[in-house]
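Just so it is clear, the structure is predicted and the values come from calculations on it, not from any experiment. Hydrogens, waters and symmetry mates are skipped; everything else that's a heavy atom, side chains included, is used. Start at 1 with the first residue, then count along the sequence.
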Amino acid sequence: RTNLIRPGAAIMEKAKPAGIGEPLRIGYAPSLAGDFLAVAIQRFTQLHTRVRISLSDCSSSEMRAGLASGKLDLILAPPSPQPEIRWENLRTYGWRFVARANHPLAGKKSITPAELSGQHLLLYDREHYPEYWERVTGFFREHKLQAKVAGEFDGISSLLAAIEAGLGAALLSETITIDRGQREALVSIPLKTEPERILVSAGVQADQPCRPSVLAFIEELKQAANGK
């Protein structure tokens with residue numbers, strides 16, 4: 001079983017460069033960008049000691065709103081078609097079926113689309129995560145599967161808590177890992193046929209010139225996302 005961790009804490013610790021200087025405000029989703037964001041921050045702050053990084057754990061809709069209002073300088077999210085955002089693609093991820101260890105499918109090495117039909121699904125909510133919602137529900141429509149939505153959630157912590165409580169199972173990014181100490185009750189199983197892979201990109205305002213610090217950070221993100 002993969003070791004699943006709660007994303008975010010380690011990243012927040014790395015987002016504390018010495019000194020107070022130019023702000024760099026980043027919106028991100030821990031369940032998608034957590035693994036390479038921490039690496040990028042660590043490298044960036046070694047070279048740019050006077051840049052003050054702040055992180056906001058946001059839904060995709062909150063990130064886009066924060067960027068449009070000027071409250072965020074950079075967001076890490078699945079790209080959307082709005083012309084006011086310029087995207088730099090970083091990495092794609094596959095999917096996993098995440099459920100309690102006593103779920104009827106928990107012993108499977110992989111899950112087929114047919115086995116998902118009729119399952120009680122827990123989803124990120126439609127308002128704040130429209131790309132995720134459409135990707136998952138579209139996959140069910142494509143394969144003519146019966147979807148039973150048992151709950152919608154505003155973030156990964158509440159969604160995982162609902163899975164632990166036995167309310168249902170979820171299709172989540174393969175970056176979701178299980179911490180043996182905190183999440184012994186959960187399993188993460190590959191899908192034989194997946195929805196379209198999840199693309200994570202760096203987004204900035206298209207009508208504003210990027211500051212050198214933002215461009216430099218995007219370069220660090222690209223390197224970290226590619227494992228360099």
* Heavy-atom check, side chain of Leu55 versus side chain of Ile41, under 4.5 Å -> yes
* Asked: Under 4.0 Å between a Lys/Arg side-chain N and an Asp/Glu carboxylate O for Glu164 and Arg100?
  -> no
* Is there a side-chain contact between Pro78 and Leu199, using heavy atoms and a 4.5 Å cut-off? -> no
* Asked: Does Arg197 pair with Glu174 as a salt bridge, N-O distance under 4.0 Å?
  -> yes
* Asked: Salt bridge or not for Arg50 and Glu22, using N-O below 4.0 Å?
  -> no
* Is the backbone N or O of Trp95 less than 3.5 Å from a side-chain atom of Glu194, with the two atoms forming a donor-acceptor pair by type? -> yes
* For Leu72, what are the other residues in its hydrophobic cluster, where any two members join if their side-chain heavy atoms are less than 4.5 angstrom apart? -> Met63, Leu67, Ile75, Ile85, Trp87
* Asked: Are side-chain heavy atoms of Leu191 and Arg96 found at a separation under 4.5 Å?
  -> no
* Is there a side-chain contact between Arg211 and Leu215, using heavy atoms and a 4.5 Å cut-off? -> no
* Mark yes or no for whether Gln119, through its side chain, and Glu115, through its backbone, hold a donor-acceptor pair below 3.5 Å. => yes
* Does the side chain of Leu167 reach to within under 4.5 Å of the side chain of Leu122, using non-hydrogen atoms? -> yes
* Asked: Any side-chain heavy atom of Arg86 within less than 4.5 Å of one from Gln205?
  -> no
* To do: Taking Tyr124 for its side chain and Asp154 for its backbone only, find out whether a donor-acceptor pair lies under 3.5 Å.
  => no
* Charged N to carboxylate O below 4.0 Å: is that the case for Glu131 and Arg126? -> no
* Would you say the side chain of Ser201 lies within less than 4.5 Å of the side chain of Leu76, judging by non-hydrogen atoms? -> no
* Does anything in residues 96-115 pair up under ring pair (Phe, Tyr, Trp, His ring centres under 6.0 Å), and if so which pairs, sequence neighbours excluded? -> Phe97-His103
* **Ring centre gap for His143 and Phe139 strictly below 6.0 Å** => yes
* Residue list, side-chain hydrogen bond (donor to acceptor under 3.5 Å, both in side chains) with Ser117, at least two apart or on another chain -> none
* Examine distances only and state if a side-chain atom of Arg52 and a backbone atom of Leu24 form a donor-acceptor pair shorter than 3.5 Å. => no
* **Pairwise side-chain contact, Thr112 with Thr193, heavy-atom cut-off 4.5 Å (strictly under)** => no
* To do: Without swapping roles, check the side chain of Arg25 against the backbone of Ser56 for a donor-acceptor pair under 3.5 Å.
  => no
* To do: Say whether, by atom type as modelled, one donor and one acceptor occur between the side chain of Asp125 and the main chain of Glu152 under 3.5 angstrom.
  => no
* Rounded to the nearest 0.5 Å, what separation is found between the CD atom of Glu62 and the CG atom of Asp57? -> 8.5 Å
* Asked: Parallel, tilted or perpendicular: which describes the rings of Phe36 and Tyr93, with under 30° parallel and over 60° perpendicular?
  -> parallel
